[in-house]
J.: 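Before I ask anything, let me first share the structure, which is written out below as structure tokens.
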Amino acid sequence: MKWRQILAAVMALSMATTTVGCGQTGAKPSGKITLTLWYWNDSIDDNLLKQVDKAFPNVHLQAEKIGGNFESKLIAAMYADDAPDITAINSADFIATMVKDYNQFVNLNQFPEVRQAKKLYLGWKWNLASTPDHKYQVAIPMDTGPVVLYYNTKVFKKAGLPTSPEAVSKKLKTWQNYIQAGEQIKAKTGVPLVDNLTTVYNAALNQGKKYYFTSDMKPIYEHNPVVQNAWNLAVEFHQKGLSADIDEWTTAWSAAAHHDGFASFIGASWMVPQLQQSDSRQGVWRVAAAPGGAADLGGSFIGVTKDCKYPELAAKIILWLQNPEHQAYAYHTLGLYPSTPSAFTKPIMNQPSPYFGGENINQYFAASDKAIDIGFQSPYDSTVNNYFTQELALVAHNNKNPNAAWADAIAEINDQMRRILVN
């Protein structure tokens with residue numbers, strides 16, 4: 001991919017895109033050397049980074065925490081041939097672009113340690129950073145975002161619904177089960193079932209295996225049944241008055257969580273600290289399996305750039321940082337859910353949570369992560385997704401006709417794709 005194409009995509013996506021290369025094994029280290037690493041706040045445990053110099057005595061790791069516009073700064077550094085040796089990678093679009101056009105990152109498959117480590121990671125997560133032929137591994141997984149159902153036991157009990165995680169998981173197994181429970185909650189308590197339509201749409205979409213493009217980049221967003229089902233499901237929640245229409249990451253959401261403003265929400269593992277910060281009441285909220293099945297929302301990677309002079313050493317460092325023991329530790333300290341299944345059973349991962357009424361919430365995250373089956377993700381998925389969710393917001397807040405909103409979303413996406421692909 002030409003750099004002007006990458007930069008055009010960055011502006012369209014409001015994020016950077018990168019590419020991946022094979023790389024050489026690099027020079028042999030002689031004496032103590034310095035390797036640079038870029039990450040963002042709470043993406044890697046700071047105390048763990050400080051231990052790298054002890055684990056690798058010939059290395060001084062210079063870790064730099066990069067503030068906002070992380071990927072834009074990274075792509076600018078790559079363009080100037082001044083990228084860090086190692087970098088964390090956050091967005092799905094970013095990793096998808098690297099997989100598609102590999103000349104800015106080292107191919108980690110050339111190193112035996114990486115090939116041997118592959119079995120330690122969730123296959124679906126590993127493959128997101130691998131080319132379709134699996135010859136190039138552009139990064140290794142860090143955390144994942146398994147989706148579960150968070151529900152308010154106080155509201156559920158008042159509505160006459162079960163409150164134990166096992167019973168809730170069984171009763172609300174399908175989306176229609178969930179909708180029926182929402183109608184019961186609304187009738188008996190007046191409380192909306194979910195926080196907003198976007199969480200419904202994203203969860204249903206990610207439970208499918210086909211999204212917005214085929215693996216050969218043929219657009220399917222208009223006629224893909226998975227997309228249409230996710231849209232129709234969100235619209236049904238709106239039409240039945242089951243959504244509070246409150247956006248996540250807002251003070252309004254926090255207030256609603258604390259004051260029983262919605263009965264439940266479907267979210268990834270990384271919503272645990274957000275919920276705890278929003279509602280201090282212990283034992284009110286619990287976790288169960290998400291209706292409709294397993295899904296992933298988010299999660300990061302870490303790779304070695306082509307500018308690194310010691311790529312094999314850098315590869316060993318990222319494997320050390322992201323081994324099962326350290327991923328389990330990061331879940332404990334930062335709430336980052338591991339991509340290594342052996343971490344799921346470690347004691348540090350399976351402590352009863354006083355906040356969630358003594359529940360071991362890890363069992364539902366682990367079950368979701370193991371059952372995820374992800375389809376092809378393109379470099380432009382976030383762009384397409386944003387148009388759909390923006391139109392859903394107009395349905396929710398302005399009562400826009402859903403059919404008109406769908407048509408407008410398709411027209412806007414088609415127009416944006418024409419502009420991106422021309423560049």
Side-chain angles (χ1 to χ4, degrees), residues 20 43-45 88-96 98-99 105 107-109 111 113-148 202-203 205-211 215 266-272 287 289-290 292-303 315 318-332 334-350 360-377 381:
V20 181
S43 60
I44 305 175
D45 186 90
I89 304 156
N90 193 23
S91 75
D93 288 5
F94 201 107
I95 196 71
M98 290 193 301
V99 168
F105 278 73
N107 176 21
L108 297 174
N109 270 343
F111 306 124
E113 297 90 346
V114 175
R115 296 195 299 270
Q116 293 168 6
K118 178 179 178 180
K119 63 182 180 292
L120 298 176
Y121 296 82
L122 290 161
W124 64 264
K125 181 72 176 183
W126 185 273
N127 291 338
L128 287 176
S130 178
T131 54
D133 60 10
H134 301 293
K135 290 183 178 179
Y136 288 83
Q137 189 66 33
V138 303
I140 69 165
M142 295 205 298
D143 58 306
T144 59
V147 170
V148 297
N202 284 334
L205 176 72
N206 282 279
Q207 287 168 347
K209 282 195 66 178
K210 292 182 179 179
Y211 313 118
S215 58
I266 301 166
S269 52
W270 35 260
M271 284 302 294
V272 169
V287 166
D296 174 74
L297 288 174
S300 307
F301 299 85
I302 188 167
I318 64 175
L319 287 174
W320 183 85
L321 285 170
Q322 298 303 322
N323 68 35
E325 291 287 344
H326 292 156
Q327 286 200 354
Y329 175 75
Y331 175 69
H332 178 68
L334 299 176
L336 301 175
Y337 201 79
S339 57
T340 51
S342 63
F344 299 169
T345 59
K346 295 186 182 301
I348 198 172
M349 295 282 298
N350 291 280
N360 174 17
I361 61 176
N362 177 57
Q363 63 178 314
Y364 291 103
F365 293 137
S368 179
D369 238 355
K370 291 177 181 178
I372 289 167
D373 191 6
I374 277 184
F376 173 74
Q377 295 189 336
D381 280 4

J.: Heavy-atom distance under 4.5 Å between the side chains of V148 and I361, does that happen here?
T.: no
J.: State whether the side chain of S269 and the backbone N or O of G145 hold a donor-acceptor pair below 3.5 Å, judged by distance alone.
T.: no
J.: As an exercise, state the distance from OG1 of T131 to CD of Q137, rounded to the nearest 0.5 Å.
T.: 8.0 Å
J.: Over all heavy atoms of both residues, which pair between A139 and A129 is shortest? Give the atoms and the distance, please.
T.: O-CB, 3.5 Å
J.: For K346, is the NZ atom crowded, meaning more than 12 foreign heavy atoms sit under 6.0 Å from it?
T.: yes
J.: Quick one: pull up CD in Q363 and OG1 in T345 and give me the separation to the nearest 0.5 Å.
T.: 14.0 Å
J.: Measuring from M271:CE to L297:CG, what's the distance to the nearest 0.5 Å?
T.: 10.5 Å
J.: What I'd like to find out is whether the side chain of F344 reaches to under 4.5 Å of the side chain of L122, using heavy atoms alone.
T.: yes
J.: What closest approach, in Å, do A203 and A295 show between heavy atoms, and which atom pair accounts for it?
T.: O-CB, 4.0 Å
J.: So does D143 get a backbone contact from the side chain of S300, meaning a donor-acceptor N/O pair under 3.5 Å?
T.: no
J.: Between Y331 and V272, is there a side-chain heavy-atom distance shorter than 4.5 Å?
T.: no
J.: Of all the heavy-atom pairs spanning P141 and W126, show the shortest one and how long it is.
T.: CD-CE3, 3.6 Å
J.: Any chance you could measure I348, atom CD1, to H332, atom NE2, to the nearest 0.5 Å?
T.: 4.5 Å
J.: Any chance you could lay out the side chain to side chain contact (heavy atoms under 4.5 Å, CB included) test for T144 and W124, step after step, and finish with the verdict?
T.: CA-CA 11 Å; T144 59; W124 64 264; 4.0 Å; yes
J.: Indicate yes or no for a side-chain donor-acceptor contact from Q377 to the backbone of L128 under 3.5 Å, with no hydrogens or angles considered.
T.: no
J.: Quick one: does D45's side chain have a donor or acceptor within less than 3.5 Å of a partner on L334's backbone?
T.: no
J.: State whether a side-chain donor-acceptor pair under 3.5 Å links N362 with Y337.
T.: yes
J.: Would you check if the side chain of D296 reaches a backbone N or O of D369 as a donor-acceptor pair within less than 3.5 Å?
T.: no
J.: Keeping Y136 on the side-chain end and D133 on the backbone end, is there a donor-acceptor pair under 3.5 Å?
T.: no
J.: Using a 4.5 Å cut-off on heavy atoms from C-beta on, say whether the side chain of L108 contacts that of I318.
T.: yes
J.: Does atom NE2 of H134 have more than 12 heavy-atom neighbours, drawn from other residues, nucleotides or ligands, at distances under 6.0 Å?
T.: yes
J.: Grab the two heavy atoms, one from P324 and one from T340, that are nearest each other, plus how far apart they are.
T.: CA-OG1, 3.5 Å
J.: Tell me, do M142 and I89 make a side-chain contact under 4.5 Å, heavy atoms counted?
T.: no
J.: How long is the straight-line distance from NZ of K135 back to CG of N109, given to the nearest 0.5 Å?
T.: 11.0 Å
J.: Return yes if some donor-acceptor pair links the side-chain N/O of Q322 with the main-chain N/O of Q327 below 3.5 Å, else return no.
T.: no
J.: Under 3.5 Å, is there a donor-acceptor pair between the side chain of D373 and the main chain of K209?
T.: no
J.: Can you name the nearest heavy-atom pair linking L336 to S43, along with the distance?
T.: CD1-O, 3.3 Å
J.: Minimum heavy-atom separation for A294 and S368, please, with both atom names.
T.: CB-O, 3.4 Å
J.: For F301, is there any backbone N or O sitting under 3.5 Å from a side-chain donor or acceptor partner on K125?
T.: no
J.: Could you measure the distance from the CZ atom of F365 to the CG atom of N360? Nearest 0.5 Å is fine.
T.: 10.0 Å
J.: Quick one: does N323's side chain have a donor or acceptor within less than 3.5 Å of a partner on W320's backbone?
T.: yes
